[in-house]
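Worksheet: the structure to be examined is printed underneath.
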Amino acid sequence: MVDTLIVGGGSAGCVLANRLSEDPAHRVLVLEAGRRDWLWDIFIHMPAGLSTPIGSPFYDWMYESEPEPHMNGRRIYHARGKVLGGSSSINGMIYIRGNPQDYQGWARAEGMEDWGWDGVLPYFVKAESSLRTTPLRGQDGPLKLEVGSCENPLFQAFFEAVQQAGHPLTEDVNGVQQEGFSAFDRNVHRGRRLSAARAYLHPVLSRKNLELRCRTMVTRLLFEGTRCVGVEANGERILAGRVVLCGGAFNSPQALLLSGVGPADELRELDIPVVHDLPGVGRNLQDHLEVYIQHQCRQPVSLAPALTWWRQPWIGLKWLFGRTGEAATNHFEAGGFIKSNPDEPYPNVQFHFLPLAIRYDGSQPAADHGYQVHVGPNLSDARGSLTLKSRDPSEKPALRFNYLSTERDRREWVEAVRAAREILAQPAWAELDGGEISPGPQVETDEEILDWVARDGETALHPSGTCRMGVGPEAVVSPRDLAVHGIQGLHVVDASVIPAVTNGNIYAPVVMIAEKAAAAMT
């Protein structure tokens, strides 16, 4: 029997494995359903290769939502990492802490006082090794963060344009001032992706008290009364003093529900024996939605030539032998945050700039040369749910996000798209702009903008909230140590515990949550 069994070798699981195994007397076992992140697999280590894993069953669990009623009944595709490191091995590598006011909002809820900005900042600092040497940033942590170089002239035009549109530049969107535009921090180190597995887990795998098993699917939790005593995985019973679910916003609630922890009425409908009635499991599902506003570029300065098949072998060789060139960056090197209207208390819209006009999965190049802005509101009040379709652990749960379902969400979307267009219409683009490709000039009124978002919007891949931490009837885990309410020996540590999704990409908050949880568990 091990002391701590971690279910999921993704972002949070890798952090916990590292921190909890620092005590040589504490035995830790990590079970990961995906495969190893072998060094020879260039598409998860080459930063520019990020479009290959998404949509590939070799790398991606390939989820999709139920038909979304406010998005023309579309099923929205959701990529999830099917490899050690989880989604940190296939994501866009952008590191955003979120706004301090996000955490102040968390702390206003009952029992959540320790999750305010002052309570979480030390764990961001502990995780980081940043090139930005300010008191708010860490320099000694496992996450080595590079700053986008922004050398392409399209980035310079972008920075000029945002200022012409009345928005400030900021030194660091993860520092004192999030509002504004700057080069982004990225989980890239010396030309390679630095996933959570490479940052936290691989450096300590030689510890004798730490064991990793990949391709090991946990099918249910084992209980003695209301105490979790282990798991069943690949037909084997594995006992542990403590079980920590780190499967993310989809898999952690699914594991709880399949094992009898969740809304009792729903469990009984599927003939699942109820261990503990916990109504909040699977509720509070949140995400970020985004669109791309694409323009044709009149000058041959975009990254389009890198897509041509005859250039790619040379680009690949430069990366393979020197970790340099077009393949050594994620190309999402800059962006920023604004308020969608002056009445907002702090920024609520995020931008990513890409010196290329292409979809996130690498498909549908829109022009010989082009550029695009990814934009979307980050603080939507839309809430969805995750429910089981059956008792079969291999059947994916039903995901309902309810995108565009609230008045506030729809209003902020119109404001966000208009703000992006205003930036892209500034004089800084005069010598470059060949016209808007998507959505195109035919999309102008509020109704037309919302219809386009419903037709074309994609997830930014930030699902969260389905095992919300807090107190009260809808809370699932304790704010103190993320222990499951009403259950002994069971914790959840991942994006599912986030009560309200943060203002930005969620990898950094998940790492922070895991660092803070590890400190509470030791």
Side-chain angles (χ1 to χ4, degrees), residues 70-72 96 99 154-155 157-170 173 178-182 287-297 332 334-355 357 359-360 366-367 370-382 403-430 432-460 462 501 503-504:
H70 300 276
M71 297 190 71
N72 302 327
I96 302 291
N99 193 287
L154 289 170
F155 283 111
F158 177 66
F159 286 135
E160 291 178 21
V162 298
Q163 294 176 86
Q164 290 168 350
H167 306 296
L169 300 183
T170 179
V173 295
Q178 185 191 50
E179 185 172 6
F181 292 80
S182 74
D287 188 29
H288 291 146
L289 197 68
E290 68 176 9
V291 293
Y292 319 147
I293 298 180
Q294 299 176 321
H295 277 239
Q296 188 167 353
C297 186
F332 291 102
F337 297 84
I338 69 165
K339 299 175 183 177
S340 64
N341 67 74
D343 295 330
E344 294 295 330
Y346 64 99
N348 62 324
V349 173
Q350 183 175 6
F351 296 81
H352 303 75
F353 181 76
L354 185 65
R359 298 199 74 83
Y360 189 69
Y371 50 91
Q372 67 191 39
V373 167
H374 297 221
V375 62
N378 273 351
L379 303 177
S380 169
D381 58 348
Y403 300 114
L404 300 179
S405 62
T406 71
E407 181 179 351
R408 169 183 160 183
D409 198 16
R410 293 189 292 271
R411 172 181 56 79
E412 289 183 350
W413 262 110
V414 172
E415 293 168 346
V417 171
R418 293 199 184 284
R421 279 177 151 175
E422 183 181 17
I423 290 169
L424 293 171
Q426 295 303 315
W429 304 105
L432 298 164
D433 186 13
E436 186 178 276
I437 303 166
S438 178
Q442 74 279 4
V443 174
E444 181 54 41
T445 67
D446 292 0
E447 293 75 16
E448 288 167 343
I449 289 172
L450 288 171
D451 184 59
W452 171 61
V453 173
R455 293 194 318 268
D456 213 53
E458 295 183 357
T459 172
H462 304 155
V501 68
N503 193 14

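If you're wondering where the values come from, they're calculated on a predicted model, not measured in any experiment.
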### Message
Checking side-chain hydrogen bond (donor to acceptor under 3.5 Å, both in side chains) between Y292 and each of H374, E458, H352, Q372, which is the one that passes?
### Response
E458
### Query
Does some side-chain heavy atom of L154 sit less than 4.5 Å from a side-chain heavy atom of C297?
yes
### Task
Report the distance from atom CD1 of I338 to atom CD1 of I423, rounding to the nearest 0.5 Å.
5.5 Å
### Query
Do the side chains of W452 and S438 get nearer than 4.5 Å, heavy atoms only?
yes
### Task
Begin with the C-alpha distance, continue with both residues' side-chain angles, and end with the deciding distance and a verdict on side-chain contact (heavy atoms from CB on, under 4.5 Å) for V501 and D287.
CA-CA 7 Å; V501 68; D287 188 29; over 6 Å; no
## Note on the structure
When every non-hydrogen atom of A420 is compared with those of V373, the smallest separation belongs to CB-CG1, 4.5 Å
### Exam field: side chain T406 to backbone D409, donor-acceptor pair closer than 3.5 Å
yes
### Enclosure of E407 CD (heavy-atom neighbours >12, cutoff 6.0 Å)
no
### Message
Using side-chain heavy atoms (C-beta onward) and a distance below 4.5 Å, is V375 in contact with V349?
### Response
yes
### Query
Between L289 and V453, is any pair of side-chain heavy atoms under 4.5 Å apart?
yes
### Task
State, to 0.1 Å, how close E290 and W413 come at their nearest heavy-atom pair, and which atoms those are.
CA-CH2, 3.6 Å
### Query
Are any non-hydrogen side-chain atoms of L424 and Y371 less than 4.5 angstrom apart?
yes
### Task
Please report the shortest heavy-atom distance between Q294 and A357, naming the atom on each side.
NE2-C, 3.9 Å
### Summary
Scanning both residues in full, the closest heavy-atom pair of V443 with E448 reads CG1-O, 3.5 Å
#### Entry: Nearest heavy atoms of H295 and D433, plus distance in Å
ND1-OD1, 2.8 Å
### Message
For the CZ atom of F351 and the CD1 atom of I293, what is their distance to the nearest 0.5 Å?
### Response
8.0 Å
### Result of checking F353, F332, F181 against F155 for ring-ring contact (aromatic ring centres under 6.0 Å, His included)
F353
### Task
For side-chain hydrogen bond (donor to acceptor under 3.5 Å, both in side chains), just list the numbers for H288 and H462, CA-CA rounded to whole Å, side-chain angles, deciding distance to a tenth of an Å, and then say yes or no.
CA-CA 6 Å; H288 291 146; H462 304 155; 2.8 Å; yes
### Message
How long is the straight-line distance from CG of L450 back to CZ of R410, given to the nearest 0.5 Å?
### Response
7.5 Å
#### Entry: Min side-chain heavy-atom separation F337-N99 under 4.5 Å
no
Without placing hydrogens or testing angles, list every side-chain donor-acceptor pair under 3.5 Å for residues 157-165, not counting sequence neighbours.
residue	atom	partner	partner atom	Å
Q163	NE2	F159	O	3.0
Q164	OE1	A428	N	2.9

### Message
Would you say that L379 contacts N503 through its side chain, given a criterion of any heavy-atom pair below 4.5 Å between the two side chains?
### Response
yes
## Note on the structure
So the salt bridge (Lys or Arg N to Asp or Glu O under 4.0 Å) pairs with at least one residue in residues 413-423 (sequence neighbours excluded) are R411-E415, R418-E444, R418-D446, R421-E436, R421-E444
#### Entry: Nearest-0.5 Å distance that lies between atom CG in N341 and atom CG in N348
7.0 Å
### Query
Side chains of T170 and Q178: closer than 4.5 Å at any heavy-atom pair?
no
### Shortest non-hydrogen contact between M71 and L404, atoms and distance
CG-CD1, 4.1 Å
